[in-house]
Number of protein chains: 2
Amino acid sequence: MVNSPDDSHVDSGHRAADELFRTFEGMIQSGELPDGMPLPPEREIVERYGLSRTVVREAILALSNKGLIEARPRFRPVVRKPSFDTALDTVGNVVNRLLEEESGVKNLFDMRVMVEVALSRNAATQANREDISRLKEALEANEAEIYNMDRFFETDIQFHRILYEMSGNPILPSIHKAYITWLQPNWVKMPTRPERNQLNFESHTAIYNAILMRDPDEAELVTRKHLSDAWDQINNILMRSKP
Amino acid sequence: MVNSPDDSHVDSGHRAADELFRTFEGMIQSGELPDGMPLPPEREIVERYGLSRTVVREAILALSNKGLIEARPRFRPVVRKPSFDTALDTVGNVVNRLLEEESGVKNLFDMRVMVEVALSRNAATQANREDISRLKEALEANEAEIYNMDRFFETDIQFHRILYEMSGNPILPSIHKAYITWLQPNWVKMPTRPERNQLNFESHTAIYNAILMRDPDEAELVTRKHLSDAWDQINNILMRSKP
DNA sequence: AGTTCCATTTTGGTATGACCAGACTAACGA
DNA sequence: TCGTTAGTCTGGTCATACCAAAATGGAACT
């Protein structure tokens, strides 16, 4: 039995390119290649590591695909510090395809409900003055745009974003962004009317009040109702477009 | 934004390879290339699409990196139907690097707490007989292995997995798997002792009972305590290895 | 016939070398 | 000084070649 000298792993990628990939991964992680720095030219890497350009290109492509660097068509690739945002970006493709299936959207939406319910419950027990004042601000901005469809949409999202930010966990805003990105396409087809906006604003108010009142059960209740309404809307659209 | 392969720009992604990527993406999605089917040989693709092998390989590499196909070193790549599992796989690299940083592990762990609290609350209000009997089964298996460190660890994970499965949302088991994968490395270093196992088992029992009693508040309380204990353990380890 | 084993063919991995076109740079002329 | 332009740099694509491991099919054996 022939054994590779080093790899204990299941030889996943390509031996050489994979190794180079890990090399650069390490250099990025260690800060040797700081955020924003362009990678050396391919031919220089070729020379420095004694590899073929083929291998170098594959490694770079892999770095790009994994979101570690940003490679525009004819420019040098640029190191891109990883964030939960970029992490969620890289799954975008896969998730989008999952959403095409049967109950994909429903499942993702349910996840969102679960998270937002938890967020509003937590907010109701832990929010501090500043959190609440930010939420109030968002709420007022929301009210001010009831008759402006596009702006209302933005302030709606902003209100929810504040909820995610109030968690104090930097992962959650990234998740919010991901939800928006993935669920938006199903959402925007909805015909919005001022009455609809009015209802949504009232839901937001109810959530805000429940948090203000430090009543997690109420916060959960109104959050569920709010999202359930939203789902009904989405569902109507989905039923109509995919019978 | 990451260069999604669907850029409308004139020249954004790699023109040729990207196009091929989308072609295969479409064929996989449409079922023309069903799950488990190997891709055609590179040279055949070259011939069929009139492209160079370089381009074909880059496209295949991209498919592989995005998790749409599984490419082992010298085997034909195999179509891999996307699942939330594979989606989370593809972020593994990035997440792992994020965990190296400052409060990365803490943040991820907090996410887990939030999710599991929500899960146990929901279970307490919605679990049906079968759910509860599965959980009981896992609990008993857990108890039976208190003096077997490795097996206890497994049954511990299994107990939590049931909680995730009880949600009925297929995304959640994938998330559980991701948590395990990402947090495990920090976990396994913990010296486990039977006393420790006994405590964990008692926590599991408390969670089970709260669900059985349909008491979401109690379920939340004991879940938080259980995970908080676990965190203390992890934290000790982290403090010791990274002072 | 069924199984084992080996030689041949496929096929993926790597290496070269070449050429193009867009981006970059520096010298040149108004 | 500033805008233009020619030359260079660099990534994208192509064609070819070779190697080693995998797949394949048939010969040899039980």
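Chain naming here is simple, since letters A, B, ... match the order of the sequence lines and numbering starts at 1 in each. Everything quoted here is computed from the prediction, not taken from an experiment.
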Check your understanding: Salt bridge between A/Glu25 and A/Lys66, side-chain N to carboxylate O under 4.0 Å?
Key -> no
Check your understanding: Going by heavy atoms in the side chains, are B/Val115 and B/Leu172 under 4.5 Å from each other?
Key -> yes
Between [atom2] on [N] and [atom1] on [X], what's the gap in Å once rounded to a whole number?
X	N	atom1	atom2	result
A/Phe75	C/dG22	CZ	P	12 Å
B/Leu39	D/dA23	CG	P	15 Å
B/Glu44	C/dT9	CD	P	19 Å
B/Ile45	C/dT11	CD1	P	11 Å
A/Glu58	D/dG12	CD	C1'	14 Å
B/Ile69	C/dG12	CD1	C1'	12 Å
B/Arg72	C/dG13	CZ	P	12 Å
A/Asp18	C/dG12	CG	C1'	15 Å

Taking atom [atom1] as the centre, does [X] end up with more than 12 heavy-atom neighbours from other residues, nucleotides or ligands that are less than 6.0 angstrom away?
X	atom1	answer
B/Glu47	CD	no
A/Arg161	CZ	yes
B/Arg76	CZ	yes

Study note, to complete from the structure: Picking from D/dT13, D/dA23, D/dG12, the nucleotide nearest the side-chain atoms of A/Glu42 would be D/dG12
Review point. Taking the side chain of A/Val55 as its heavy atoms from C-beta onward, which of C/dT14, C/dT11, C/dC24 lies nearest to it?
Key: C/dT14
Review point. Can you check whether B/Arg57 has a side-chain N or O nearer than 4.0 Å to OP1 or OP2 of C/dG13?
Key: yes
For nucleotides 16-20 of chain C, tabulate all protein N/O to nucleotide N/O atom pairs closer than 3.5 Å, reporting atom names and distance.
unit_1 : atom_1 : unit_2  : atom_2 : d
C/dA18 : N6     : A/Arg53 : NH1    : 3.3

Practice item. Test A/His176 against every option in A/Thr181, A/Ile162, A/Ile171, A/Ile157 by the side-chain contact (heavy atoms from CB on, under 4.5 Å) rule and name the one that passes. Key: A/Ile157
Review point. For the residue pair A/Val79 and A/Ile69, what are the closest heavy atoms and their distance?
Key: CA-CG2, 4.1 Å
**Study point:** Comparing B/Val46 and A/Pro41 on DNA chain D - which has the more 5′ nearest nucleotide
**Key:** A/Pro41
